[in-house]
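Data first, discussion second: the structure below is written as structure tokens.
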Amino acid sequence: MTVNDIFDYLNSLYPVNTACDFDNPGILVGDKSAEVQRAVISLDCTDSAIEKTVENRCQLIITHHPVIFEPLKNVLSDSPVYRLIKNGISVISMHTNLDIGKGGVNDTLCEVLGLKNTEKYSADDGFPLNTGLLPVQMTPEQLAGYIKEKLGGHIKYSSGNKNINRVLVCSGSGGSYFTELIRSGCDAIITADVKHNVFIDTARLGKSVFDAGHFETEDIVINRLNDMLCEHFKNIEFFTDHTSGIKYE
């Protein structure tokens with residue numbers, strides 16, 4: 001199997017032409033025709049992911065976040081792209097197309113949180129979010145503890161001082177969608193990368209906002225990708241890397 005064979009499979013499930021205009025998914029580094037016996041799956045193309053790839057003699061890294069997102073002005077010896085090319089490692093990145101696809105990041109987040117009656121909800125900019133019902137009605141404090149139990153990490157939240165039943169969900173950076181929380185009629189939004197003023201403004205309007213961490217709300221898809229790829233490519237050995245690189249006191 002080649003890099004392109006694996007890309008074709010992923011693209012059939014999460015077409016790159018469904019990604020946001022600003023995005024850069026696809027085969028971003030390496031040789032499309034290179035044979036793949038072993039591969040690493042990781043949220044980011046971190047030093048940890050590259051080291052695991054080299055240690056296990058892998059030929060490919062599959063990431064969510066694109067290893068090349070903005071135009072490169074140089075490729076120096078300490079950069080990920082240089083190290084990848086030097087070691088003959090290819091990279092496939094599936095970003096916003098994986099966020100919104102069936103069984104993708106946002107759907108997986110809803111499943112991990114145990115949401116019921118999930119539906120797609122189209123934001124004003126056209127980006128599909130999810131809505132769903134909690135397993136049971138919870139107070140904001142209870143929901144914060146529940147999210148932490150399911151995802152780990154650290155939860156920042158503001159309380160609308162009312163019980164929560166229906167939630168809006170956006171994996172990763174969805175802090176700007178707080179206006180959709182009002183429009184959707186949901187009691188709370190679960191997302192990440194929330195600005196300070198959003199916590200204040202939504203609480204004033206009686207809504208709750210939960211920032212569960214960018215890494216934590218997206219890394220949950222890595223094991224699902226691993227299971228899918230192992231099932232489809234039985235002759236390829238897949239490894240996962242769950243290193244975020246973010247430290248907390």
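Throughout, numbering of the chain's residues begins at 1 and tracks the sequence.
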Only pairs at least two apart or in different chains count here, so list each salt bridge (Lys or Arg N to Asp or Glu O under 4.0 Å) that has a residue in [range].
range: residues 198-221; result: none
range: residues 46-69; result: Asp47-Arg83
range: residues 144-160; result: none

Within the distance-only criterion (no hydrogens, no angle test), does the side chain of [X] pair as donor or acceptor with the backbone N or O of [Y] below 3.5 angstrom?
X: Asp187; Y: Arg166; result: yes
X: Gln59; Y: Arg38; result: yes
X: Ser208; Y: Pro140; result: no
X: Ser158; Y: Ile200; result: no
X: Asn97; Y: His95; result: yes
X: Asn56; Y: Cys58; result: no
X: Thr191; Y: Gly172; result: yes
X: Ser93; Y: Gly26; result: no

Those residues at least two apart in sequence (or on a different chain) that pass side-chain hydrogen bond (donor to acceptor under 3.5 Å, both in side chains) with Asp125 are Tyr177
Restricting to side-chain hydrogen bond (donor to acceptor under 3.5 Å, both in side chains), what partner residues turn up for Glu35, sequence neighbours left out? none
Mind checking salt bridge (Lys or Arg N to Asp or Glu O under 4.0 Å) for [X] and listing every partner two or more places apart, or none if nothing turns up?
X: Glu111; value: Arg224
X: Lys234; value: Glu231
X: Asp107; value: Lys120

Any luck finding a side-chain donor-acceptor pair between Thr63 and Asp44 under 3.5 Å? no
For a quick check under 3.5 Å, do Asp5 and Thr2 share a side-chain donor-acceptor pair by atom type?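 Per modelled atom types, Asp5 and Thr2 side chains form a pair under 3.5 Å.
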Test Asp241 against every option in Thr46, Ile41, Ile50 by the side-chain contact (heavy atoms from CB on, under 4.5 Å) rule and name the one that passes.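 Exactly one option meets the side-chain contact (heavy atoms from CB on, under 4.5 Å) with Asp241, and it is Thr46.
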Taking all atoms of both residues into account, what is the closest heavy-atom pair of Val198 and Gly175, and its distance?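 Closest heavy-atom pair between Val198 and Gly175: CG2-O, 4.0 Å.
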Please list, chain by chain and in numerical order, all residues satisfying ring-ring contact (aromatic ring centres under 6.0 Å, His included) with [X], sequence neighbours excluded.
X: His242; value: none
X: Phe210; value: Tyr157
X: His214; value: His65

Share the residues that join Phe22 in a hydrophobic cluster, the rule being Ile, Leu, Val, Met, Phe, Trp or Tyr side chains under 4.5 Å apart at the heavy-atom level.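 Hydrophobic cluster check, Phe22: joined to Phe69.
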Between Val91 and Leu84, does a side chain to side chain contact (heavy atoms under 4.5 Å, CB included) hold up when you go through it step by step? CA-CA 8 Å; Val91 176; Leu84 292 165; 3.5 Å; yes
Taking the side chain as every heavy atom from C-beta outward, state whether Ile6 and Leu60 have any atom pair closer than 4.5 Å. yes
Gap between atom CG of Asn223 and atom CD1 of Ile220 - 0.5 Å precision: 9.5 Å
